[in-house]
S.K.: 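Okay, here's the structure, questions in a sec.
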Protein chains: 2
Amino acid sequence: MDARADERTVHPAMDDRSLPPRARILIAAQELFVRHGFHGVGVETIAEAAGTNKMTLYRHFESKDLLIAECLRGIAGENDSVWSLIDSACPNDPRGQIMTWLRSIGEHTPDGNHVGCALVNAAIQITDPDHPGRKVVEESKRAHRNKLVSLCQAAGYSDPELLADQLFLIVEGARVSYRSAGPDGIGANLLAMAENIMAAHEP
Amino acid sequence: MDARADERTVHPAMDDRSLPPRARILIAAQELFVRHGFHGVGVETIAEAAGTNKMTLYRHFESKDLLIAECLRGIAGENDSVWSLIDSACPNDPRGQIMTWLRSIGEHTPDGNHVGCALVNAAIQITDPDHPGRKVVEESKRAHRNKLVSLCQAAGYSDPELLADQLFLIVEGARVSYRSAGPDGIGANLLAMAENIMAAHEP
DNA sequence: TACTCATGTTACCGAACGGTACCGCCTGCC
DNA sequence: GGCAGGCGGTACCGTTCGGTAACATGAGTA
């Protein structure tokens, strides 16, 4: 029914114990969850991929659901740091920051596979409205949208909220289409679409 | 871990045997899969919701995965018939057809919950690249995109392919954001975003 | 009546999974 | 040395799930 259990090794240098078990578990869990989904990978697989075992995993995380939530917090934090990176790469250049962000969306992962947005995928996989991971996703998306609005305002575009939402939705649509329509599908020329929309909001 | 098992009754008139078991199973499976995800509902639950049992289910469907694929084919067919409906509602009015389609996206389901696009959700839940349901989703999305392109061409917009892809991605992004950011989030004023984009392509 | 065929019913199997108990080891620290 | 705590290893439990076997039932039909 589910993904093949073959080749679930994660980071090769994971087995050396340079990182404490909790960090190794989080890294392994993030990678495996993103690749195979929450239901597609069990806690024992995660523990083995982290070079430890199930008991140690449960010493650091109360349950699988809370491990999922912690992974989502980690992913949200990585997204935040991407914005910090962009900010320091194009200081005082909001338009350049938006363009840098847009260009980064189309980049392939090291293994050549698009997986879309891990937070969106999580929100779809989680059907329980009370799951601890859900509010992590919603909060991250809200912050992401606010960041985009402030950038569009700073860049002096007309109707910055409308533009920000347009860019946000196009990017969300493109990333989800990598999964639903294939990587060579509709999201291929995302940049041209975004530039066309931005041109309509040029002051 | 997963959705609550409470209240999985589907269509109330499902128990009367007006429909043959295979049709009842498909209806129940579609509804339950959309609401709780593929992993969140078992075949026995589906059979009971359809007013039958597991053995009859397996007499009509080789496996759960093939049942999933059949459900996706049914959903894709429903999407096609929506386009036929729109076509007959606005004959020879491609622009009106696009607008009608856009308006239909924001409508709520009878229970007031947005579930996004069932095919996209399926593509994200399915991690196996060889799953029989995957090609159903990809084919449906490709046809959907082609339909939009031909409508934009017929409406005389400049750069119809770019416009079609922009509209497609915005809608995909909005529908997925109903799940990731909540129904009152970014996709709320989808219509204004689309009209703004279309205005930029006015001939 | 006798036959066929789709369906209902029950029981079961093997595997996977989330989670726990228990033991032993090793390291660091007083 | 002695102690404590973090960690590895293993065995186990209860449950759920996909899928199957075997049999009963009931309607339609020749």
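Hydrogens, waters and symmetry mates play no part in the numbers below; they use all other heavy atoms, side chains included. Order of the sequence lines fixes the chain letters, A, B, ..., with proteins taken first and strands second; residue numbering starts at 1 for each chain.
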S.K.: Reckon A:H60 has a side-chain N or O less than 4.0 Å from the OP1 or OP2 of D:dC7?
M.R.: yes
S.K.: Quick check: does any side chain N or O of B:Q166 sit under 3.5 Å from a backbone N or O of A:M193, one acting as donor and the other as acceptor?
M.R.: yes
S.K.: Once you round it to whole Å, what is the distance between C1' of D:dC17 and CG of B:L67?
M.R.: 15 Å
S.K.: Can you tell me how far P of D:dG18 sits from CD of B:E48, to the nearest Å?
M.R.: 12 Å
S.K.: Please list, chain by chain and in numerical order, all residues satisfying side-chain hydrogen bond (donor to acceptor under 3.5 Å, both in side chains) with B:R22, sequence neighbours excluded.
M.R.: none
S.K.: Atom OG in B:S63, atom CD1 in B:I68: separation rounded to 0.5 Å?
M.R.: 8.0 Å
S.K.: Is any side-chain nitrogen or oxygen of A:R24 closer than 4.0 Å to OP1 or OP2 of D:dG8?
M.R.: yes
S.K.: Tell me: CG of B:L57 to P of D:dA21, nearest whole Å?
M.R.: 16 Å
S.K.: In whole angstrom, what separates B:F61's CZ from C:dA6's P?
M.R.: 15 Å
S.K.: Can you sort out the partners of A:V149 under side chain to side chain contact (heavy atoms under 4.5 Å, CB included), two or more places apart, ordered by chain and number?
M.R.: A:R145, A:Q153, A:E161, A:A164
S.K.: Between B:N53 and B:T56, does a side-chain hydrogen bond (donor to acceptor under 3.5 Å, both in side chains) hold up when you go through it step by step?
M.R.: CA-CA 6 Å; B:N53 55 26; B:T56 300; 3.0 Å; yes
S.K.: In whole Å, I'd like the distance from the NE2 atom of B:H36 to the C1' atom of D:dC17.
M.R.: 17 Å
S.K.: Give me, pair by pair, the N or O atoms of the protein and of nucleotides 19-22 of chain C that are less than 3.5 Å apart, along with how far apart they are.
M.R.:
from: C:dG19; atom 1: OP2; to: A:Y58; atom 2: OH; distance (Å): 2.7
from: C:dG19; atom 1: OP2; to: A:K64; atom 2: N; distance (Å): 2.9
from: C:dG19; atom 1: N7; to: A:K54; atom 2: NZ; distance (Å): 2.8
from: C:dG19; atom 1: O6; to: A:K54; atom 2: NZ; distance (Å): 2.3

S.K.: Hey, mind stepping through A:I98 and A:M198 against side-chain contact (heavy atoms from CB on, under 4.5 Å) and telling me if it holds?
M.R.: CA-CA 10 Å; A:I98 294 174; A:M198 293 167 77; 3.8 Å; yes
S.K.: A:F38 CZ to C:dC17 P: how many Å, rounded?
M.R.: 16 Å
